[in-house]
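Report on one structure; see the data block that follows.
Order of appearance sets the numbers: ligands from 1, and atoms from 1 within every ligand.
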Amino acid sequence: MFAIRYPIVQGGMQWVGRAELAAAVSNAGGLGIITALTQPTPEDLLKEIARCREMTNAPFGVNLTILPSLRAISHAEFAQAIIDSGVKIVETAGRNPEPYMAAFKEAEIKVIHKCTSVRHSLKAQAIGCDAVSVDGFECAGHPGEDDIPGLVLLPRAAEELTIPFIASGGFADGRGLVAALALGADGINMGTRFMATLEAPIHRSIKERIVAASELDTALLMRQLRNTARYFRNKVTDQALAVERHQGAELTIEHLGPFVSGQRGKIVYESGNADAGVWSAGMVVGLIHDIPTCAELISRIVSEAREIVASRLTPALACA
Ligand code: NAD
């Protein structure tokens, strides 16, 4: 469907999904994704897409996340910029992308909608999405409110969906790729794993912090607001959690805005100070142990997956 060599997609990531990373992933045979809202304006997005085209001839996509935000965002104008750019793959995430579907289809754009539940996946299928990215509770960013991990969510999606889907949340290596395929997915989506690559346009200290982290190093905020987000656990998430406990049922986004602001997260990635704000990371940080190039990472995942099938799965079933 996407004319890529390997079933590995780099999911949208605020402040990380820039041209350098998307081009590196696409050049390595995966599907790179530029994050639209990382760009201040739709015009800047058009420039970023042009910059990516200078770095790769391979297909890449653009992520458009539709969620409540602190700054006013015209999602319609960003959607129009994507259409005008001529990019033919869009990853939507967050709220229902239905308002933009007719225009995307008119432009012959393939739409992958990221969903955290089977019911939202079925809705995406019903409104004409070409594929879905099914995001388990392990994931970075917004895991939804159902808290169903991939081990149950993915086979449930496989039972219900007729369109292809990729598995998202908790994937970092060949073991994950084999597991995702076994559970019924057609490929994997990785975000956090691609943050710890040489080409990810973020400060080296943050990549090293990911490598040093364990699976216990994430925190969930905004649960009471039903806009749950998983971040790397740091001083700011601890402070925000204290505010959440203190406010209880009275909590509003005004209490949390100073802590969760994406503008502070941007400073984290630029300065390398992991405590300058909140920044998204999945539980998969516990499985990330190095900072390879995207090409090394993708080729390692594919060869590990082949090795697991040949040396572990096939013999294990042959003696049954
Ligand atoms: P931001 O600074 O505008 O907002 C920070 C956080 O507060 C975001 O998670 C946002 O959803 C939440 N928020 C803002 N207003 C809210 C409200 N009225 N009610 C409840 N929650 C509210 O966000 P940003 O970091 O500049 O990111 C821009 C967009 O990208 C946001 O929509 C954000 O949610 C999204 N994003 C998505 C992911 C993901 O996992 N898909 C990861 C990072 C950012």
Side-chain angles (χ1 to χ4, degrees), residues 9-18 21 33-42 44-45 61-79 90-97 112-117 120 124 132-145 166 168-171 189-195 200 202 206 218-232 236-237 239-241 243-244 247 250-270 276-284:
V9 177
Q10 168 247 314
M13 288 174 277
Q14 182 68 334
W15 312 127
V16 185
R18 298 180 189 269
L21 181 60
I33 304 263
I34 289 175
T35 296
L37 301 185
T38 292
Q39 300 304 318
T41 66
D44 292 303
L45 175 60
V62 176
N63 164 283
L64 182 65
T65 296
I66 310 155
L67 280 172
S69 58
L70 296 174
R71 65 180 164 119
I73 294 172
S74 171
H75 293 96
E77 287 176 19
F78 276 99
V90 168
E91 178 197 60
T92 52
R95 306 281 190 262
N96 185 347
I112 318 168
H113 185 56
K114 185 178 278 187
C115 303
T116 57
S117 70
H120 293 151
V132 282
S133 179
V134 177
D135 211 13
F137 184 56
E138 302 90 335
C139 71
H142 294 272
E145 311 304 326
I166 52 173
S168 182
F171 295 98
N189 180 78
M190 304 194 301
T192 309
R193 175 61 271 200
F194 279 120
M195 287 171 71
I202 59 174
I206 301 303
T218 71
L220 296 171
L221 298 182
M222 296 190 282
R223 297 239 75 170
Q224 292 106 302
L225 301 182
R226 296 191 61 76
N227 188 31
T228 300
R230 186 185 299 284
Y231 298 109
F232 193 90
V236 186
T237 60
Q239 290 162 358
L241 281 169
V243 169
E244 290 192 352
Q247 295 297 335
E250 305 300 314
L251 183 79
T252 67
I253 187 63
E254 282 68 36
H255 297 119
L256 284 181
F259 300 97
V260 299
S261 156
Q263 295 306 314
R264 285 186 69 181
K266 185 167 183 265
I267 294 169
V268 169
Y269 296 132
E270 286 168 359
V278 296
W279 49 286
S280 296
M283 290 176 172
V284 76

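A distance-only check finds no donor-acceptor pair linking the side chain of W15 to the backbone of E270 [under 3.5 Å].
Remark: the S133 side chain and the D135 side chain contain no N/O donor-acceptor pair separated by less than 3.5 Å. In this model, a donor atom of one side chain and an acceptor atom of the other lie less than 3.5 Å apart for T252 and E254.
The aromatic rings of F232 and W279 sit parallel, their planes meeting at an angle under 30°, below the 60° perpendicular limit.
Around CD of E250, the count of heavy atoms belonging to other residues, nucleotides or ligands within 6.0 Å does not exceed 12.
Side chains of T92 and K114 form no contact here, defined as non-hydrogen atoms less than 4.5 Å apart.
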Can you list every pair where an N/O of ligand 1 is under 3.5 Å from an N/O on the protein?
| residue | atom | partner | partner atom | Å |
| --- | --- | --- | --- | --- |
| ligand 1 | 2 (O) | G262 | N | 2.7 |
| ligand 1 | 3 (O) | L70 | N | 2.6 |
| ligand 1 | 9 (O) | H142 | NE2 | 3.2 |
| ligand 1 | 11 (O) | P68 | O | 2.8 |
| ligand 1 | 11 (O) | N227 | ND2 | 2.9 |
| ligand 1 | 21 (N) | N227 | ND2 | 2.8 |
| ligand 1 | 26 (O) | Q14 | NE2 | 3.4 |
| ligand 1 | 27 (O) | Q14 | NE2 | 3.3 |
| ligand 1 | 32 (O) | P68 | O | 3.4 |
| ligand 1 | 34 (O) | H142 | NE2 | 3.1 |
| ligand 1 | 40 (O) | H142 | N | 3.1 |

